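Here is the structure we will look at.
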2 protein chains.
Amino acid sequence: MRISELSERSGVTIPTLKYYLREGLLHPGELQGATRATYDDSHLERLRLVRTLVDVGRLSIERVREVVRAIDAPPAGRHELLGAAHEALRPHPASGAPAPEALERLAALDLPECAHSPASLQLAEALTAAAAAGWSVEPETLARWLEAMRAVAETDVVAELGEVSPGEALRYAIVGNVLTDPVLLALRRVAQEAVSAERFGTGPTRSPG
Amino acid sequence: MRISELSERSGVTIPTLKYYLREGLLHPGELQGATRATYDDSHLERLRLVRTLVDVGRLSIERVREVVRAIDAPPAGRHELLGAAHEALRPHPASGAPAPEALERLAALDLPECAHSPASLQLAEALTAAAAAGWSVEPETLARWLEAMRAVAETDVVAELGEVSPGEALRYAIVGNVLTDPVLLALRRVAQEAVSAERFGTGPTRSPG
DNA sequence: TGACATTGGATAGTATGACTCTCCAAACTT
DNA sequence: AAGTTTGGAGAGTCATACTATCCAATGTCA
């Protein structure tokens, strides 16, 4: 298909398509002369990925470029794949390096390959940011939350078991996390409301005194 | 204290402080003449809130303004408080209104006051966005995740039980969610790695074939 | 075959958000 | 009295993510 059809079918304007091509978010179409190129389903799929990362994941264009490059040249091992996905999804740098005491706390969770993975680093950074803002997460709380997230992760990793290519598995892991992170956080809020309703009653208005 | 001291102690530059004052993120200091005003600990605390929301929560300035207004004029009821907190923390509008089928799915979770809370709406929107991007979350998965998040929420709401003012409780709920959402997501990734390691072995590199 | 639309590619411009800078006169400090 | 600091207002800056314009070379269709 030509660029105009790609634009129509993807819902992305031609100027934006050209921008994505320039920025390396979209691989070039097959050139058929100086002023003609054709695009195919791989471009449509890529655009869906890009729009998901941008709209839902709020990733910057630069981060999206990292993601598509990783998907186009994925690591070979299953485990490295997950690391690459988590690396791609790391939150924007808020406060910087994790505090030493945050790293120590990871040891208490007895995880495999503790402080070496992107996820562990992410956790240490999140704990550091919370501590800096005066919020402490108790060790028991952290352990309990980890158990809860383990139950969630059981569901997650099952999805990556299929015999697909590394690039496909990586894309799957990234898109899956980007799309379901908001679901998970919304479920947390819903659960908070449920617990609150149980404790304080479901009546529409109650004064706190 | 004067603005220069407020700047030093908070780590926020004077121009930015003036900007926050203009934008209503920071309440005015006590005027003591045309060119003098004093600030106190309430300003320091407010700045810590604003910086947390901006740096960790990535909230826009406009959203932060909503938050501080809500904290300054909070709803009276305990339950409305949580709703106000969730309203403040709603994700940026990605795809818009939730699909009808997403709303139907909430009914299957047998929650109190299902489709009326900000959190339920957030969940419906997240499910809609996922579906639009071609990702379906199975009902059993959703139910399982809800159970997991309920365990998390038990810890959360306990923190709001204290006999504090509504404004303080609201601030607590908002800051708590903003600071621990990243912790929770990082724990999810860590758990994914743990599960992956269990299934595929902990060896540093394994080819997928 | 020739007018006219489309394309790839390059360059420049725009909109938004979040600051940051500059001024000014009126205090305050010394 | 000289010099610094302040509150307040307005304009300027910077980054990000597009969006618009131009151009010559095709392609298409009457």
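A, B, ... follow the sequence lines: proteins, then strands. Residue 1 opens every chain. Model, not experiment: these values are computed from the prediction.
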Exercise. Between B:Arg171 and B:Glu45, is there a salt bridge with N-O shorter than 4.0 Å?
Worked result: yes
Problem set entry | Pairwise side-chain hydrogen bond (donor to acceptor under 3.5 Å, both in side chains) hits with a residue in residues 46-55 of chain B, at least two apart | B:Tyr20-B:Arg51, B:Arg46-B:Asp72, B:Arg51-B:Asp55
Exercise. Parallel, tilted or perpendicular for A:His43 and A:His27, by the 30°/60° rule?
Worked result: parallel
Problem set entry | Residues which pass side chain to side chain donor-acceptor pair (under 3.5 Å) with B:Arg2, listed by chain and number, not counting sequence neighbours | none
Problem set entry | B:Glu104: partners by side chain to side chain donor-acceptor pair (under 3.5 Å), with sequence neighbours left out | none
For this session: Sequence neighbours left out, what pairs pass ring-ring contact (aromatic ring centres under 6.0 Å, His included) with at least one residue falling in residues 53-73 of chain A?
Result: none
Problem set entry | Contacts of A:Arg63 that satisfy side chain to side chain donor-acceptor pair (under 3.5 Å) - sequence neighbours left out | none
Review item, nucleotides 27-30 of chain C N/O atoms under 3.5 Å of protein N/O:
{"residue": "C:dA27", "atom": "O4'", "partner": "B:Thr35", "partner atom": "OG1", "Å": "3.2"}

Exercise. For B:Glu5, which residues count as a salt bridge (Lys or Arg N to Asp or Glu O under 4.0 Å) partner, sequence neighbours excluded?
Worked result: B:Arg9
Exercise. Would the number of heavy atoms belonging to other residues, nucleotides or ligands and lying under 6.0 Å from CD of A:Glu30 be above 12?
Worked result: no
Exercise. Which of residues 44-72 of chain A sit near DNA chain C, with a heavy atom under 4.0 Å from it?
Worked result: none
Seminar exercise, completed: Residues passing the side chain to side chain donor-acceptor pair (under 3.5 Å) test with A:Thr13, sequence neighbours excluded, are A:Thr16
For this session: Under 4.0 Å from any heavy atom of chain A: name the first and the last nucleotide of DNA chain D that qualifies, 5' to 3'.
Result: D:dA17 to D:dG27
Seminar exercise, completed: The correct set of residues in residues 12-24 of chain A placing a heavy atom under 4.0 Å from DNA chain C is A:Lys18, A:Arg22
Problem set entry | Minimum heavy-atom distance A:Ser4-A:Ile14, with the two atoms named | CA-CD1, 3.9 Å
Show the atom names and distances, to 0.1 Å, of all donor-acceptor pairs under 3.5 Å that link a side chain in residues 179-191 of chain B to residues at least two apart or in another chain.
{"residue": "B:Thr180", "atom": "OG1", "partner": "A:Arg188", "partner atom": "NH1", "Å": "3.0"}
{"residue": "B:Thr180", "atom": "OG1", "partner": "A:Arg188", "partner atom": "NH2", "Å": "2.8"}
{"residue": "B:Thr180", "atom": "OG1", "partner": "B:Gly176", "partner atom": "O", "Å": "2.6"}
{"residue": "B:Asp181", "atom": "OD1", "partner": "A:Arg188", "partner atom": "NH1", "Å": "2.7"}
{"residue": "B:Asp181", "atom": "OD1", "partner": "A:Arg189", "partner atom": "NH1", "Å": "3.3"}
{"residue": "B:Asp181", "atom": "OD2", "partner": "A:Arg189", "partner atom": "NH1", "Å": "3.4"}
{"residue": "B:Asp181", "atom": "OD2", "partner": "A:Arg189", "partner atom": "NH2", "Å": "2.6"}
{"residue": "B:Arg188", "atom": "NE", "partner": "A:Asp156", "partner atom": "OD2", "Å": "2.9"}
{"residue": "B:Arg188", "atom": "NH1", "partner": "A:Thr180", "partner atom": "OG1", "Å": "3.0"}
{"residue": "B:Arg188", "atom": "NH1", "partner": "A:Asp181", "partner atom": "OD1", "Å": "2.7"}
{"residue": "B:Arg188", "atom": "NH2", "partner": "A:Asp156", "partner atom": "OD1", "Å": "3.0"}
{"residue": "B:Arg188", "atom": "NH2", "partner": "A:Asp156", "partner atom": "OD2", "Å": "3.1"}
{"residue": "B:Arg188", "atom": "NH2", "partner": "A:Thr180", "partner atom": "OG1", "Å": "2.8"}
{"residue": "B:Arg189", "atom": "NH1", "partner": "A:Asn177", "partner atom": "OD1", "Å": "3.2"}
{"residue": "B:Arg189", "atom": "NH1", "partner": "A:Asp181", "partner atom": "OD1", "Å": "3.4"}
{"residue": "B:Arg189", "atom": "NH1", "partner": "A:Asp181", "partner atom": "OD2", "Å": "3.4"}
{"residue": "B:Arg189", "atom": "NH2", "partner": "A:Asp181", "partner atom": "OD2", "Å": "2.6"}

